[in-house]
Engineer: 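Quick one: the structure is below, questions incoming.
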Amino acid sequence: MWTILLTLSICCCCVLGSGPKADDYKMIIDDPDIFMPCRDPPPGSQDVFGLMNIDELKFTLNGDNIHIEGNATTVWDIEPNDRIAATGRLMHYDRGTWEPTVFSIAANDFCNIMYDPDQYWYKYWTTHITNKDSVQSNCLHTKGTKLIHEPFDLNMIISNVRGSFNGNYKIILTMEAFDEKNIKRPTSICFEIKGDLEKI
């Protein structure tokens, strides 16, 4: 799920420039369910529910923010020693089609940096996992790991952007697992988060 926050990583991290014409944008999520299946999923992929059981995780729209609290339990059936590669891409809806933007993020070994304070998603997600000391080594590839979250508000901002980015956008998040021989597992993860970017 929490490539939810890869998701946010994209939205909350990308810096395109500085100067008088740079602006900040906020992503407004209209759907409290947040996560949607990928429109064109890779073969063998599952949506966010193939990554985590989020029945105990509550999402509430609170004005322009998303309030999050509760627990999420990993369910992705891969091996504990697998390497997870994660990518996120921001797409813009223009004249009936989804077009790529310059915003993207990739982690070739997500588990190695999932709890790294220097990473964007740490500020927006993993810093709020209260049992991180006991589950850090499990990452997302150990099925049955419960991530306990303190209540927090998610405020998705793209900072210091040049140009106009108002409109309808979506983030496509994918995760792939590779075994110890670097062979990709047949099951991957793909889901989307849609919203509107508004200048702030």
Side-chain angles (χ1 to χ4, degrees), residues 1-15 23-38 46-76 86 88-91 93 103 105 107 110 113-136 138-140 144-161 165-175 189-200:
M1 130 190 175
W2 285 118
T3 13
I4 181 184
L5 292 155
L6 260 189
T7 211
L8 313 180
S9 311
I10 301 175
C11 278
C12 309
C13 72
C14 299
V15 177
D23 296 303
D24 294 343
Y25 287 82
K26 184 170 188 173
M27 190 168 193
I28 309 298
I29 305 295
D30 294 328
D31 189 343
D33 290 335
I34 302 179
F35 307 108
M36 303 178 191
C38 283
Q46 303 178 59
D47 62 14
V48 70
F49 302 106
L51 176 65
M52 289 193 175
N53 180 339
I54 57 176
D55 289 346
E56 297 180 346
L57 198 65
K58 183 178 180 181
F59 302 90
T60 306
L61 289 178
N62 182 14
D64 291 340
N65 299 327
I66 301 169
H67 182 75
I68 300 170
E69 58 182 289
N71 310 320
T73 303
T74 56
V75 297
W76 195 7
R89 297 177 292 132
L90 185 67
M91 309 287 288
Y93 192 70
F103 291 88
I105 192 169
F110 179 70
I113 54 177
M114 179 174 171
Y115 293 96
D116 182 348
D118 293 331
Q119 302 300 322
Y120 297 113
W121 51 80
Y122 182 82
K123 175 182 177 182
Y124 295 97
W125 172 38
T126 53
T127 188
H128 301 291
I129 296 175
T130 61
N131 63 332
K132 63 172 83 55
D133 290 342
S134 61
V135 300
Q136 185 167 349
N138 293 351
C139 186
L140 303 176
T145 299
K146 179 170 283 194
L147 306 178
I148 301 171
H149 298 82
E150 64 183 0
F152 67 102
D153 288 328
L154 184 61
N155 187 7
M156 296 187 289
I157 302 294
I158 301 178
S159 299
N160 205 24
V161 178
F165 281 85
N166 286 312
N168 191 225
Y169 288 81
K170 71 177 178 179
I171 303 163
I172 301 175
L173 294 156
T174 59
M175 303 187 90
I189 304 297
C190 184
F191 60 93
E192 301 178 353
I193 298 174
K194 293 181 180 179
D196 294 320
L197 285 182
E198 296 182 0
K199 184 177 175 181
I200 57 176

Engineer: Give, for atom CD1 of Ile129 and atom OG1 of Thr145, the distance between the pair rounded to the nearest 0.5 Å.
Structural biologist: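 Here the interatomic distance stands at 10.5 Å.
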Engineer: May I ask you to test the Asp47-Phe35 pair for a side-chain heavy-atom distance under 4.5 Å?
Structural biologist: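 The answer is no; the side chains never approach within 4.5 Å.
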Engineer: If you look only at distance, which donor and acceptor atoms sit under 3.5 Å apart when one is on a side chain in residues 52-61 and the other is two or more places apart or in another chain?
Structural biologist:
{"from": "Asn53", "atom 1": "OD1", "to": "Asp55", "atom 2": "N", "distance (Å)": "2.9"}
{"from": "Glu56", "atom 1": "OE1", "to": "Asn71", "atom 2": "ND2", "distance (Å)": "3.4"}
{"from": "Glu56", "atom 1": "OE1", "to": "Lys146", "atom 2": "NZ", "distance (Å)": "3.2"}

Engineer: If you take all heavy atoms of Thr126 and Met114, which pair is closest and at what distance?
Structural biologist: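 Scanning both residues completely, I find the closest heavy atoms to be OG1-O, 3.0 Å.
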Engineer: Do Thr174 and Ile189 touch side chain to side chain, with heavy atoms closer than 4.5 Å?
Structural biologist: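 Not in contact.
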Engineer: Roughly how far, to the nearest 0.5 Å, is the CG atom of Leu147 from the CD atom of Gln136?
Structural biologist: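 So the CD of Gln136 and the CG of Leu147 are separated by 11.5 Å.
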Engineer: Is it true that a side-chain atom of His67 and a backbone atom of Asn65 form a donor plus acceptor pair closer than 3.5 Å?
Structural biologist: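 Absent.
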Engineer: Quick check: does any side chain N or O of Thr130 sit under 3.5 Å from a backbone N or O of Ile148, one acting as donor and the other as acceptor?
Structural biologist: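 Present.
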Engineer: For Cys139 and Thr74, work out which heavy atoms get closest and say how close.
Structural biologist: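 Shortest heavy-atom separation between Cys139 and Thr74 comes out as O-CG2, 4.2 Å.
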Engineer: Just how far is it from atom CD of Glu150 to atom CG of Asn131, taken to the nearest 0.5 Å?
Structural biologist: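 Nearest 0.5 Å value for the CD-CG distance: 11.0 Å.
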Engineer: To the nearest 0.5 angstrom, please state how far the CZ atom of Phe191 sits from the CD atom of Gln46.
Structural biologist: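 Reported value, rounded in 0.5 Å steps: 12.5 Å.
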Engineer: Quick one: are Gln119 and Tyr124 in side-chain contact, heavy atoms under 4.5 Å?
Structural biologist: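 No; the side chains remain at least 4.5 Å from each other.
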Engineer: Can you confirm whether more than 12 heavy atoms, excluding those of Lys26, are under 6.0 Å from its NZ atom?
Structural biologist: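 Buried by this count: over 12 neighbours within 6.0 Å.
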Engineer: In a table with atom names and distances, give each donor-acceptor pair under 3.5 Å that connects a side chain of residues 192-200 to protein atoms at least two apart or in another chain.
Structural biologist:
{"from": "Glu192", "atom 1": "OE1", "to": "Lys170", "atom 2": "NZ", "distance (Å)": "3.4"}
{"from": "Glu192", "atom 1": "OE2", "to": "Arg39", "atom 2": "N", "distance (Å)": "2.9"}
{"from": "Glu192", "atom 1": "OE2", "to": "Lys170", "atom 2": "NZ", "distance (Å)": "3.1"}
{"from": "Asp196", "atom 1": "OD1", "to": "Asn168", "atom 2": "ND2", "distance (Å)": "3.1"}

Engineer: First locate atom OH of Tyr169, then atom OH of Tyr93, and finally report the distance between them rounded to the nearest 0.5 Å.
Structural biologist: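 Rounded to the nearest 0.5 Å, the OH-OH separation comes to 14.0 Å.
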Engineer: Please report the closest heavy-atom contact between Val75 and Phe49, naming both atoms and the distance.
Structural biologist: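 In terms of heavy atoms, the two residues are closest at CG2-O, 3.4 Å.
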Engineer: Taking it one step at a time, do Ile34 and Ile66 satisfy side chain to side chain contact (heavy atoms under 4.5 Å, CB included)?
Structural biologist: CA-CA 9 Å; Ile34 302 179; Ile66 301 169; 3.7 Å; yes
Engineer: How far apart are the C-alpha atoms of Met91 and Ile171, what are their side-chain angles, what is the distance that settles it, and do they pass the side chain to side chain contact (heavy atoms under 4.5 Å, CB included) test?
Structural biologist: CA-CA 6 Å; Met91 309 287 288; Ile171 303 163; over 6 Å; no
Engineer: Carefully, step by step, assess Cys190 and Ile172 under the rule side chain to side chain contact (heavy atoms under 4.5 Å, CB included).
Structural biologist: CA-CA 7 Å; Cys190 184; Ile172 301 175; 4.2 Å; yes
Engineer: Assess whether ring pair (Phe, Tyr, Trp, His ring centres under 6.0 Å) is satisfied between Phe103 and Phe165, documenting all intermediate values.
Structural biologist: CA-CA 11 Å; Phe103 291 88; Phe165 281 85; 5.3 Å; yes
Engineer: If you apply the rule side chain to side chain contact (heavy atoms under 4.5 Å, CB included), what do you find for Thr127 with Phe152, and how did you get there?
Structural biologist: CA-CA 10 Å; Thr127 188; Phe152 67 102; over 6 Å; no
